[in-house]
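Here's the structure, in structure tokens; my notes come after.
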There are 2 protein chains.
Amino acid sequence: MVTIYDIAKIAGCSPTTVSKVFNDYSDVSPKTRAKILETAEQLGYLPNAHARSLTMKRSWTIGVLFNEPSGAGILHPYFAGVIEGFKKVSTSKGYDLMFVTKDIGGKKSGYVEHCKIRGVDGVVVILPDYGDPYFQELLDSDIPCVLLDQESEQKSTICSDNIAGAMQAVEYLHRLGHRRIGHIGGGHSFAGEKRLQGYLRAMENLNLPVEPQYVIQGSYDYTMESGQAAMEELLLTDELPTAVFAAGDNLAVGAMMTLKKRGLRVPDDISLIGFDDIEMVKFLTPALTTVRQDTYALGSKAADMLIYTIEGGSGVQTAMLPVEIVIRESCRSL
Amino acid sequence: MVTIYDIAKIAGCSPTTVSKVFNDYSDVSPKTRAKILETAEQLGYLPNAHARSLTMKRSWTIGVLFNEPSGAGILHPYFAGVIEGFKKVSTSKGYDLMFVTKDIGGKKSGYVEHCKIRGVDGVVVILPDYGDPYFQELLDSDIPCVLLDQESEQKSTICSDNIAGAMQAVEYLHRLGHRRIGHIGGGHSFAGEKRLQGYLRAMENLNLPVEPQYVIQGSYDYTMESGQAAMEELLLTDELPTAVFAAGDNLAVGAMMTLKKRGLRVPDDISLIGFDDIEMVKFLTPALTTVRQDTYALGSKAADMLIYTIEGGSGVQTAMLPVEIVIRESCRSL
DNA sequence: CTGAAAGCGCTAACAA
DNA sequence: TTGTTAGCGCTTTCAG
């Protein structure tokens with residue numbers, strides 16, 4: 001391994017000067033700088049991040065924290081989009097991403113411990129297990145964090161405008177002439193609750209009655225399975241709603257499948273609108289109308305916020321990104 | 001920050017002894033060990049991974065390399081399953097995972113460079129861009145690697161038994177009475193080519209004629225879109241096949257959508273079988289019959305192989321995991 | 001503009 | 001069983 005000492009020796013200068021060159025200090029003569037760069041190139045020098053971190057107390061590493069048991073974790077399109085956006089801007093600013101788990105070295109020890117041992121500069125939290133005490137511990141720590149889809153007074157947060165999105169969905173259905181509008185909810189997740197709120201608020205604004213039997217809670221994991229089950233339940237009511245707003249596309253897809261299985265047609269018999277705009281829904285028949293969440297933007301903005309904090313910015317920030325309704329074929333006008 | 005010096009001072013011993021305790025050396029008396037552990041606990045001591053890596057020349061970090069432009073990357077269920085399995089065993093053995101990119105510090109520099117700077121102990125490669133010169137450079141390097149779905153003489157590799165899987169699919173269709181069997185391929189990916197091979201071999205074994213017009217290449221990204229397009233093309237032939245084997249579930253889903261759109265029924269008019277068994281296909285109507293790939297097992301086995309190499313094991317290993325056909329509703333017997 | 005010296009926190013010979 | 005000493009590769013005063 002070639003070090004700055006090797007370069008210094010060959011370039012005929014001190015290690016300090018070499019270091020300065022690589023850290024863009026201005027007090028190095030063009031001539032020595034050139035010489036150093038040249039020999040570094042020749043020797044194939046690469047800096048050692050660990051040594052660097054050790055002295056600087058800064059690792060240029062960001063931890064990624066997401067739900068551990070796969071199920072709702074990395075498999076979820078939401079996660080994928082967010083992480084992609086996050087990665088893009090964080091790498092462009094010199095940070096690398098590292099998975100943070102509760103375990104380290106094969107022992108259960110918690111997120112904070114893991115972060116401190118690895119010396120990550122900050123952590124982005126996506127889809128965590130809310131009630132997890134290890135997660136709470138992280139919230140209480142002094143580690144810079146940004147949380148997605150979460151409320152907190154301790155850490156910066158970012159989310160889509162779930163309430164507005166849900167309201168838009170309901171208002172759209174209303175404009176199409178629907179009055180009996182049902183809701184399949186995302187359970188007790190942050191987003192699920194906001195979307196339910198939006199639904200309720202819009203119904204109220206529009207003077208539409210909220211039938212308790214039209215409001216079904218799916219499970220917080222937003223699976224198709226859960227959407228199927230919710231729709232089964234909804235179908236038990238004597239007079240069906242003419243339209244249903246599902247709190248997530250997966251829920252909507254599940255609901256759609258159940259409808260088909262029962263011989264009901266979308267949108268002829270029942271209109272359906274989702275939330276998220278995951279990749280696949282535009283390929284469905286009928287293509288799903290939904291509220292698009294810009295996961296990539298969520299991720300990149302989250303990175304901006306976190307890096308701001310890491311680099312000394314103070315104060316807890318909150319951001320909310322607009323959503324837009326994407327009209328396709330799953331809602332009909334009455 | 002608490003260091004081993006702090007502990008040594010308070011526990012009344014030398015830093016060396018403290019270090020020994022944390023590295024499970026046997027030559028420490030139970031008494032001092034206890035004392036050290038106790039004061040470490042009191043002070044809230046946490047080891048510093050960077051310092052450790054610096055001296056040991058070992059970072060207990062594994063790089064994760066996957067296709068960079070999101071499209072076919074992290075969003076693909078294949079990736080998700082594999083990484084989950086990989087993460088499980090590698091963290092249990094004390095390794096953390098870090099994303100490896102071509103860029104570092106905001107500059108394009110290549111995978112090898114990134115790995116060396118960060119001092120990762122090894123790299124797992126999933127869905128890389130084959131032709132990428134940076135990827136070639138990694139292959140030529142001395143960095144321990146394990147490649148998924150790839151052929152190589154330089155690095156260890158692991159994949160599912162794609163050929164056998166494809167053959168099973170065709171044989172199954174044959175058993176159901178199908179003779180005109182088409183194929184929607186996965187393009188020039190490793191898996192795509194193997195599956196095509198398996199299809200051809202099975203057809204030959206069964207003395208079935210391979211109609212060139214029945215073999216359509218989807219794009220290597222295995223999208224639903226590509227499956228739709230492939231099926232459109234297939235529908236141009238005058239006499240349709242009675243069954244189609246698609247090299248990936250997404251392709252199959254796309255194909256199914258096109259069929260529905262064209263008023264053809266699965267499996268009544270045409271039988272369809274996929275490959276992968278991604279989450280969603282069991283929720284389709286009809287539920288998709290497919291060849292299941294055990295992505296989790298792929299990931300965990302890959303971790304075993306890589307760690308074996310990292311920890312001094314020699315030689316290039318290859319592994320191939322069996323697949324199994326999952327029979328659901330999308331194929332009918334003639 | 002350049003460099004000597006100290007130190008980041010830890011491990012590993014080697015003595016004692 | 002314990003401790004001394006010397007690094008690992010880098011950055012950072014501070015003096016020249």
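Quick note: numbers below take in every heavy atom, side chains included, and nothing from hydrogens, waters or symmetry partners. Within every chain, numbering begins at 1; the chains are lettered A, B, ... in the order of the sequence lines, protein sequences first and strands thereafter.
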Next item on the list: Send over the distance from B:Ile7 CD1 to C:dG9 C1', rounded to a whole Å.
Entry: 11 Å
Check: The side chain of B:Thr17 lies closest to which of these nucleotides: D:dT12, C:dC10, D:dG3?
Finding: D:dG3
Note to self: With a 4.0 Å limit, can you tell me whether B:Lys31 has a side-chain N or O closer than that to the phosphate oxygens OP1/OP2 of D:dT1?
What the structure shows: no
Check: What nucleic acid atoms does B:Lys20 come within less than 4.0 Å of, heavy atoms only: base, sugar-phosphate, or nothing?
Finding: base
Next item on the list: Ignoring hydrogens and angles, state whether a donor on the side chain of B:Thr61 or A:Arg118 is under 3.5 Å from an acceptor on the partner side chain.
Entry: yes
Next item on the list: Looking only at side-chain atoms of B:Val28, point me to the closest of C:dT2, D:dG9, D:dT2.
Entry: D:dT2
Notebook entry, point to check: Tell me: NZ of B:Lys9 to P of D:dT4, nearest whole Å?
Noted result: 13 Å
Notebook entry, point to check: Which is true for A:Ser53 with a 4.0 Å heavy-atom rule: it touches a base, it touches only sugar-phosphate, or it touches nothing?
Noted result: nothing
Check: Under 4.0 angstrom, heavy atoms only, what part of the nucleic acid is B:Phe22 near: base, sugar-phosphate, or nothing?
Finding: nothing
Next item on the list: Can you figure out which of D:dG9, C:dC10, C:dT11 approaches the side chain of B:Asn48 most closely?
Entry: C:dC10
Notebook entry, point to check: Are OP1 or OP2 of D:dT4 and a side-chain N or O of B:Ser14 less than 4.0 angstrom apart?
Noted result: no
Next item on the list: Measure across A:Asp161 and A:Pro322 and return the closest heavy-atom pair with its distance rounded to 0.1 Å.
Entry: CB-CA, 4.5 Å
Notebook entry, point to check: Across the strands shown, which category fits B:Pro47 at heavy-atom distances under 4.0 angstrom: base, sugar-phosphate, nothing?
Noted result: sugar-phosphate
Note to self: Rounded to whole Å, how long is the line connecting atom OH of A:Tyr25 with atom C1' of D:dT13?
What the structure shows: 10 Å
Checklist line | Closest non-hydrogen atom pair, B:Ile158 against B:Leu298 | finding: CD1-O, 3.7 Å
Item checked: A:Arg52 vs B:Met56, nearer the 5' end of DNA chain D by closest nucleotide -> B:Met56
Next item on the list: Take atom CD1 of B:Ile117 and atom P of D:dC10, then tell me their distance rounded to the nearest Å.
Entry: 11 Å
Note to self: Side chains of B:Ile310 and B:Ile62, heavy atoms from C-beta outward: is any pair under 4.5 Å?
What the structure shows: yes
Next item on the list: Using a 4.0 Å heavy-atom cut-off across all strands, classify B:Thr16 as base, sugar-phosphate, or nothing.
Entry: base
Note to self: With nearest nucleotide decided by heavy atoms, which residue, A:Thr55 or A:Pro15, maps closer to the 5′ end of DNA chain C?
What the structure shows: A:Pro15
Check: Would B:Phe66 and B:Phe99 count as a close aromatic pair, with their ring centres under 6.0 Å?
Finding: yes
Notebook entry, point to check: Between B:Arg58 (CZ) and C:dG9 (C1'), how many Å, whole number?
Noted result: 19 Å
Margin query: Taking donor-acceptor contacts at under 3.5 Å, does the side chain of A:Tyr5 reach the base of D:dC10?
Written below: yes
Next item on the list: May I have the distance from A:Lys35 (atom NZ) to C:dC1 (atom P), rounded to whole angstrom?
Entry: 19 Å
Next item on the list: Find the bend of the helix from C:dC1-D:dG16 to C:dA16-D:dT1 as the angle between its two terminal axes (five pairs each), to the nearest 10°.
Entry: 40°
Item checked: Verdict with reasoning, A:Glu38 to A:Arg33, per salt bridge (Lys or Arg N to Asp or Glu O under 4.0 Å) -> CA-CA 8 Å; A:Glu38 186 195 307; A:Arg33 156 169 276 117; over 6 Å; no
Next item on the list: Determine the contact category for A:Ser29: base if any of its heavy atoms lies under 4.0 Å from a base atom, sugar-phosphate if only primed atoms, P, OP1 or OP2 are that close, otherwise nothing.
Entry: sugar-phosphate
Notebook entry, point to check: Quick one: are the ring centres of B:Tyr78 and B:Tyr222 less than 6.0 Å apart?
Noted result: no
Checklist line | Touch class at under 4.0 angstrom, heavy-atom based, for B:Asp27 against every strand present | finding: base
Margin query: Donor-acceptor check, side chain of B:Ser19 to backbone of B:Pro15, threshold 3.5 angstrom: yes or no?
Written below: no
Item checked: Distance, rounded to the nearest Å, where A:Leu54 contributes CG and C:dA6 contributes C1' -> 13 Å
Notebook entry, point to check: Quick one: A:Asn23 CG to D:dT13 C1', roughly how many Å, whole number?
Noted result: 14 Å
